[in-house]
Amino acid sequence: MKNVLILGASGAIAQHTIEKLQEDDNIYLTLFARSSNKIKPFENSHTQIVEGDVLNKKDLDEVLKGQDIVYANLSGPMENLAKTIVEEMEETHVNRLVFVTSLGIYNEIPGKFGEWNNRMIGSALKTYRKAADIIEASNLDYTIVRPAWLQNEDEVDYETTQKGEDFKGTEVSRKSVGAYIADIIQHPEKDSKASVGVNKPGTEGDKPSFY
Ligand SMILES: NC(=O)c1ccc[n+]([C@@H]2O[C@H](COP(=O)([O-])OP(=O)(O)OC[C@H]3O[C@@H](n4cnc5c(N)ncnc54)[C@H](OP(=O)(O)O)[C@@H]3O)[C@@H](O)[C@H]2O)c1
């Protein structure tokens, strides 16, 4: 049995990953969230729910014990969140981390879409970049996930790019990102020590189609 901890389990992408992982009898899920309201329906014999705040070291330390993989699907002060998670994972000897950030953190988006993205979210990207830097400088075995602009189509259709390559496309469904993350959790040797862009193929353009 593999023990998987999801931090920020009420988050939108996390809901899709949880649904996918609950199909796998070899996974025991711990869903960690500030409020359990949204995730109560997921509770079953293979899934427990723990209420807590990632920035509360005592909460995090307690829930990390015995975990094999941590998937962080968070928003807010990403630098502080990453720092706390890395420190507590190193202290509790949990080694595998999947952490969601954003497209654009390395200025890796070419052309007009890159310029548009910087105008729209450039200032918010700074905290995501700092979070990625903290994780990349750690001893953890990590996958940093950089989704394109998120939409809620009921589809799984994605391709990936690695750090150092130009970002492809403009958008991707949350369901696709959830499926990619579930795949990494089920095959943790994939995209290890990597920072990975996730986009829907064929969505190149000056901005996402819904803008
Ligand atoms: N929108 C886009 O186009 C886009 C593109 C690329 C990347 N992203 C980023 O990708 C990430 C995941 O996206 P998403 O749609 O799944 O985000 P989301 O629905 O906003 O989920 C983020 C979750 O983080 C939780 N959280 C924040 N601080 C926490 C803490 N201290 N302790 C415990 N939980 C905490 C929130 O919990 P509460 O419910 O308690 O607040 C929320 O459930 C976000 O950072 C998002 O900004 C977005």
Side-chain angles (χ1 to χ4, degrees), residues 5-20 30-40 42 49-64 70-89 97-106 108-109 113-114 116-132 135 143-153 158 160-161 167-182 184 195-200 203 205 207-211:
L5 170 63
I6 303 186
L7 303 174
S10 302
I13 296 173
Q15 312 281 303
H16 296 290
T17 309
I18 295 165
E19 268 173 28
K20 201 94 188 99
T30 298
L31 308 182
F32 185 88
R34 292 190 286 204
S35 159
S36 61
N37 288 349
K38 251 199 219 163
I39 48 175
K40 263 274 177 255
F42 289 117
I49 292 171
V50 176
E51 279 193 344
D53 190 320
V54 171
L55 293 173
N56 180 328
K57 288 193 175 193
K58 195 167 158 284
D59 288 353
L60 190 57
D61 195 61
E62 198 57 41
V63 80
L64 274 170
V70 177
Y71 154 37
N73 191 88
L74 299 164
S75 58
M78 301 304 285
E79 183 183 357
N80 287 351
L81 289 159
K83 188 168 173 286
T84 310
I85 291 167
V86 166
E87 279 174 8
E88 294 306 304
M89 284 182 69
L97 173 65
V98 181
F99 191 99
V100 180
T101 63
S102 171
L103 78 166
I105 59 171
Y106 308 115
E108 77 278 24
I109 309 170
F113 176 49
W116 181 86
N117 194 66
N118 272 337
R119 274 200 305 280
M120 296 295 280
I121 57 167
S123 56
L125 287 179
K126 288 184 184 129
T127 183
Y128 286 90
R129 173 58 189 269
K130 284 180 181 161
I135 293 164
T143 305
I144 293 166
V145 182
R146 291 177 282 118
W149 280 68
L150 296 165
Q151 37 92 331
N152 289 321
E153 290 298 312
Y158 69 86
T160 59
T161 48
F167 197 89
K168 283 192 193 167
T170 55
E171 62 186 74
V172 69
S173 70
R174 285 184 171 84
K175 191 170 183 177
S176 296
V177 182
Y180 168 71
I181 292 168
I184 295 299
S195 177
V196 181
V198 186
N199 70 284
K200 177 175 175 174
T203 60
K207 54 188 180 176
S209 64
F210 47 87
Y211 257 91

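Atoms within a ligand are numbered from 1 in the order they appear, just like the ligands themselves.
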Colleague: Please confirm whether L7 approaches ligand 1 to less than 4.0 Å, judged on its heavy atoms.
Modeller: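 Per 4.0 Å heavy-atom rule, L7 does not contact ligand 1.
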Colleague: Can you pull out the closest protein heavy atom to atom 15 (O) of ligand 1? Residue, atom name and distance to 0.1 Å, please.
Modeller: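 Heavy-atom neighbour on the protein nearest atom 15 (O) of ligand 1: R174 NE, 3.0 Å.
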Colleague: Is the closest side-chain heavy-atom distance between I181 and V100 below 4.5 Å?
Modeller: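 Side chain of I181 against side chain of V100, heavy atoms only: contact under 4.5 Å found.
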Colleague: Give the atom numbers and elements of ligand 1 that come within less than 4.0 Å of a heavy atom of S10.
Modeller: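 Atoms satisfying the 4.0 Å criterion: 43 (O).
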Colleague: Nearest non-hydrogen atom to atom 27 (C) of ligand 1 belongs to which of S102, A9, S75?
Modeller: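 Among S102, A9, S75, the closest heavy atom to atom 27 (C) of ligand 1 comes from S75.
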Colleague: Please determine whether any non-hydrogen atom of P147 lies less than 4.0 Å from an atom of ligand 1.
Modeller: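 P147: in contact with ligand 1 (<4.0 Å).
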Colleague: Regarding ligand 1, does A12 bring an N or O atom to under 3.5 Å of one of the ligand's N or O atoms?
Modeller: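 Yes.
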Colleague: Touching ligand 1 at all, N56? Heavy atoms, strictly under 4.0 Å?
Modeller: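 No; N56 lies far enough from ligand 1 that no heavy-atom distance drops under 4.0 Å.
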Colleague: Determine the minimum heavy-atom distance between G205 and T170, stating which atoms define it.
Modeller: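 Closest approach of G205 to T170, heavy atoms only: O-CG2, 3.6 Å.
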Colleague: Hydrogens and angles aside, do E171 and T203 bring a side-chain donor and acceptor to less than 3.5 Å of each other?
Modeller: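 E171 vs T203: no donor-acceptor pair found between side chains.
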Colleague: For ligand 1, which atoms have a heavy atom of L81 less than 4.0 angstrom away?
Modeller: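 Once the distances to L81 are compared, the set is 31 (N).
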Colleague: Determine, for E108 against R146, whether the closest basic-nitrogen to carboxylate-oxygen distance falls under 4.0 angstrom.
Modeller: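 Looking at R146 together with E108, the answer is yes, because their closest N to O distance falls below 4.0 Å.
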Colleague: Does at least one non-hydrogen atom of Y128 fall below 4.0 angstrom from an atom of ligand 1?
Modeller: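 Flag set, Y128 near ligand 1.
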Colleague: When you compare the side chain of W116 with that of P208, does any pair of heavy atoms fall below 4.5 Å?
Modeller: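 Result yes, sub-4.5 Å side-chain heavy-atom pair found.
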Colleague: Heavy-atom pairs closer than 4.0 Å: do any link ligand 1 to the side chain of R146, the backbone, both, or neither?
Modeller: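 Contact part for R146 vs ligand 1: neither.
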Colleague: State whether a side-chain donor-acceptor pair under 3.5 Å links S195 with Y106.
Modeller: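 S195 vs Y106: donor-acceptor pair found between side chains.
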Colleague: How close do P77 and L55 get, counting heavy atoms only, and between which atoms?
Modeller: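 Closest approach of P77 to L55: CG-CD1, 4.1 Å.
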Colleague: Just by distance, do the side chain of R129 and the backbone of I105 share a donor-acceptor pair under 3.5 Å?
Modeller: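 Checked: pair present.
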Colleague: Who's the nearest protein heavy-atom neighbour of atom 21 (O) of ligand 1, and how far?
Modeller: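 Answer for atom 21 (O) of ligand 1: G11 CA, 3.2 Å.
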Colleague: Heavy atoms only: which of I39, L74, T127 lies closest to atom 25 (C) of ligand 1?
Modeller: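 The residue whose heavy atom sits nearest atom 25 (C) of ligand 1 is L74.
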Colleague: Hey, does V54 come in under 3.5 Å of ligand 1, counting only N/O atoms on both sides?
Modeller: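 Min N/O separation from ligand 1 is below 3.5 Å for V54.
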Colleague: Among all protein heavy atoms in this structure, tell me which lies nearest to atom 41 (O) of ligand 1, with the distance rounded to 0.1 Å.
Modeller: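 I find the closest protein heavy atom is R34 NH2, 2.9 Å.
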Colleague: Heavy-atom distance to atom 30 (C) of ligand 1: which of V100, N37, D53 wins?
Modeller: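 Heavy atom nearest to atom 30 (C) of ligand 1 belongs to D53.
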Colleague: Hey, does G52 come in under 3.5 Å of ligand 1, counting only N/O atoms on both sides?
Modeller: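 No: no nitrogen or oxygen of G52 is under 3.5 Å from one in ligand 1.
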Colleague: Give yes or no for whether the N/O distance cutoff of 3.5 Å, strictly under, is met between N73 and ligand 1.
Modeller: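 N/O-N/O distance under 3.5 Å: yes.
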Colleague: Quick one: look up the protein heavy atom nearest atom 7 (C) of ligand 1 and list residue, atom name and how far away it is.
Modeller: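 Here the closest protein heavy atom is T101 O, 3.2 Å.
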Colleague: When you measure from the side chain of T127 to the backbone of M78, do you find a donor-acceptor pair of N or O atoms at a distance under 3.5 Å?
Modeller: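 Flag set: sc T127 to bb M78 pair under 3.5 Å.
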Colleague: Is there a polar contact between ligand 1 and S35, counting only N or O atoms under 3.5 Å apart?
Modeller: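 No, there is no polar N/O contact under 3.5 Å.
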Colleague: For ligand 1, find out whether one of its N or O atoms is nearer than 3.5 Å to an N or O atom of I13.
Modeller: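 Yes; at least one N/O pair falls below 3.5 Å.
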Colleague: Applying the side-chain contact (heavy atoms from CB on, under 4.5 Å) test to F99, which of I85, V86, T143, L7 qualifies?
Modeller: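 The option that passes is I85.
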Colleague: So is there a nitrogen or oxygen of W149 less than 3.5 Å from a nitrogen or oxygen in ligand 1?
Modeller: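 For ligand 1, there is no N or O atom that lies under 3.5 Å from one belonging to W149.
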Colleague: So that I can tick it off, tell me whether E87 and K83 are bridged by a salt bridge, with the cut-off set at under 4.0 angstrom between side-chain N and carboxylate O.
Modeller: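 Looking at K83 and E87, the cut-off is met.
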Colleague: May I ask you to identify, for A148, whether its side chain, its backbone, both or neither come under 4.0 Å of ligand 1 on a heavy-atom basis?
Modeller: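 Looking at A148 and ligand 1, just backbone atoms fall under 4.0 Å.
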Colleague: Do the side chains of L125 and S102 get nearer than 4.5 Å, heavy atoms only?
Modeller: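 A side-chain contact under 4.5 Å exists here.
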Colleague: To the nearest 0.5 angstrom, please state how far the OH atom of Y180 sits from the CD1 atom of I13.
Modeller: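 The CD1 atom of I13 is 12.5 Å from OH of Y180, to the nearest 0.5 Å.
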Colleague: Could you point out which residue of L60, V70, V63 forms a side-chain contact (heavy atoms from CB on, under 4.5 Å) with E88?
Modeller: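 Only one of L60, V70, V63 forms a side-chain contact (heavy atoms from CB on, under 4.5 Å) with E88, namely L60.
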Colleague: Is there at least one pair of N or O atoms, one from L150 and one from ligand 1, spaced under 3.5 Å apart?
Modeller: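 In this structure, L150 places an N or O atom under 3.5 Å from an N or O of ligand 1.
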